[in-house]
There are 2 protein chains.
Amino acid sequence: MANAKITEKDDFDLRNFLPFLLNQAAEESSLEFQQVYKNRYGMLRTEWRVLFHLGNYGEMTAKEIGERAKIHKTKISRAVHKLEQRRYLTRTRDDKDRRVERLTLTANGAAVYRELRGIAEEYDAKLAAHFTRGEAALLRMMLRRLAGME
Amino acid sequence: MANAKITEKDDFDLRNFLPFLLNQAAEESSLEFQQVYKNRYGMLRTEWRVLFHLGNYGEMTAKEIGERAKIHKTKISRAVHKLEQRRYLTRTRDDKDRRVERLTLTANGAAVYRELRGIAEEYDAKLAAHFTRGEAALLRMMLRRLAGME
DNA sequence: GCTTGTTAGTTACAAAATCAACTATTATCC
DNA sequence: GGATAATAGTTGATTTTGTAACTAACAAGC
């Protein structure tokens, strides 16, 4: 492996750079789960995220989901449209404020959510098994802090 | 905030799901740095990654970069093309195996690398400052393990 | 109450990522 | 040594994302 250093003192190591590490870990740890919602349900990442938000937190608006998960409103819009087509969710106009749409899972959508949630739980346990209980708890805490989810 | 639970026993919380947390943290912690290489140098994510690999590890082939950073070869190919156009790197055919191209940064590319590396170091320090030294070291270790970079 | 500004969500167009098929070169195996 | 398979990298077609402009509904100021 080539190893010519660009400058004399170069103690920087990409393999320690947090944004890079976080990306690699996120990528790697999403892959296996992605297979499931992609291959088994033909869903895109944003779609399962919307589904999980509705399943996990109950009725929400597109805007609320976007704020929590930091997803742009156009992505949400498209994901909601697709989930609606597949009869995973329904929209109802808010009568107080007719700009707003309240989103809720259908029985069908809720069933898919429950199935995926089960797989997610197993998968999360498998990832956490790389560490001690304490380490895993600390990891989650640190990630929440980095994500600004405190 | 709506909070109707879908099932009776629903102890799953999206905010603790590692793939989700990792993604959120990765996204959030890339944003600020992304502004720099994007706005100041007009580079895409894959482009700075290729640049950083060459700067950090010296001469490499497209394939090697792809393996290390888990980037698909078509993305690398296009990133290399663009970095070549901007005279940040040069390619030379390997005479032992004429399928292979050895990539190296130009003086110009190395200068840009050094500038970005400095910013990356500062930024990494800022992120790590959320934690104690020990915690930060543990975090990096855990991320490397999750990323399969052990 | 009417102009001006905001907000929720959609749509159109441009940019980028993905996937499959392709060229060129080297390795394998009979 | 010649057919077959594998590898490095590229290209084109399709899908997905990002950006900006848009509609529709509400809010505030006067």
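Chain letters run A, B, ... following the sequence lines, proteins first, then strands; residues in each count from 1.
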Can you name the salt bridge (charged side-chain N to carboxylate O under 4.0 Å, His left out) partners of [X], sequence neighbours left out?
X	answer
B:Glu28	A:Lys70
A:Glu135	none
A:Lys38	none
B:Glu67	B:Lys63

The ring-ring contact (aromatic ring centres under 6.0 Å, His included) partners of A:Tyr88 (sequence neighbours excluded) come to none

With sequence neighbours excluded, what pairs up with B:Phe33 under the ring-ring contact (aromatic ring centres under 6.0 Å, His included) test? A:Phe17, B:Tyr37, B:Trp48

Test of understanding: with side-chain hydrogen bond (donor to acceptor under 3.5 Å, both in side chains), list the residues that count as partners of A:Arg49, not counting sequence neighbours. B:Gln24

Using a 4.0 Å heavy-atom cut-off across all strands, classify B:Arg91 as base, sugar-phosphate, or nothing. sugar-phosphate

Which is the 5'-most and which the 3'-most nucleotide of DNA chain C that has an atom under 4.0 Å from a heavy atom of chain B? C:dA16 to C:dT26

Determine all donor-acceptor pairs shorter than 3.5 Å in which one atom belongs to a side chain in residues 137-148 of chain A; sequence neighbours excluded.
residue, atom, partner, partner atom, Å
A:Arg140, NH1, A:Asp124, OD1, 3.2
A:Arg140, NH1, A:Asp124, OD2, 3.0
A:Arg140, NH1, B:Asn16, O, 2.5
A:Arg140, NH2, A:Asp124, OD2, 3.0
A:Arg144, NH1, B:Arg15, O, 3.4
A:Arg144, NH1, B:Asn16, OD1, 2.6
A:Arg145, NE, A:Glu150, OE2, 3.3
A:Arg145, NH1, B:His130, O, 2.6

Earlier contact from the 5' end, DNA chain C, for A:Lys38 and A:Lys63: A:Lys63

Most 5' of A:Arg99 and B:Leu44 on DNA chain C, judged by nearest nucleotide: A:Arg99

With both pairing distances under 3.5 angstrom for Watson-Crick or G-U wobble, and | for a partner in another strand, the correct string for DNA chain D is ||||||||||||||||||||||||||||||

Less than 4.5 Å apart, any side-chain heavy atom of B:Asn23 and any of A:Ser30? yes

Considering only heavy atoms from C-beta outward, does the side chain of A:Met149 approach that of B:Leu21 to under 4.5 Å? yes

Is there a residue in residues 69-81 of chain B whose heavy atoms reach under 4.0 Å of DNA chain D, and which residues are they? B:Lys73, B:Thr74, B:Ser77, B:Arg78

Protein-nucleotide distance ([X], atom [atom1]; [N], atom [atom2]), rounded to Å:
X	N	atom1	atom2	value
A:Glu47	D:dT17	CD	C1'	13 Å
B:Arg45	D:dT17	CZ	C1'	13 Å
B:Arg98	D:dT10	CZ	P	14 Å

Contacts table for residues 73-83 of chain B: side-chain donor-acceptor under 3.5 angstrom, sequence neighbours left out:
residue, atom, partner, partner atom, Å
B:Thr74, OG1, B:His72, ND1, 3.2

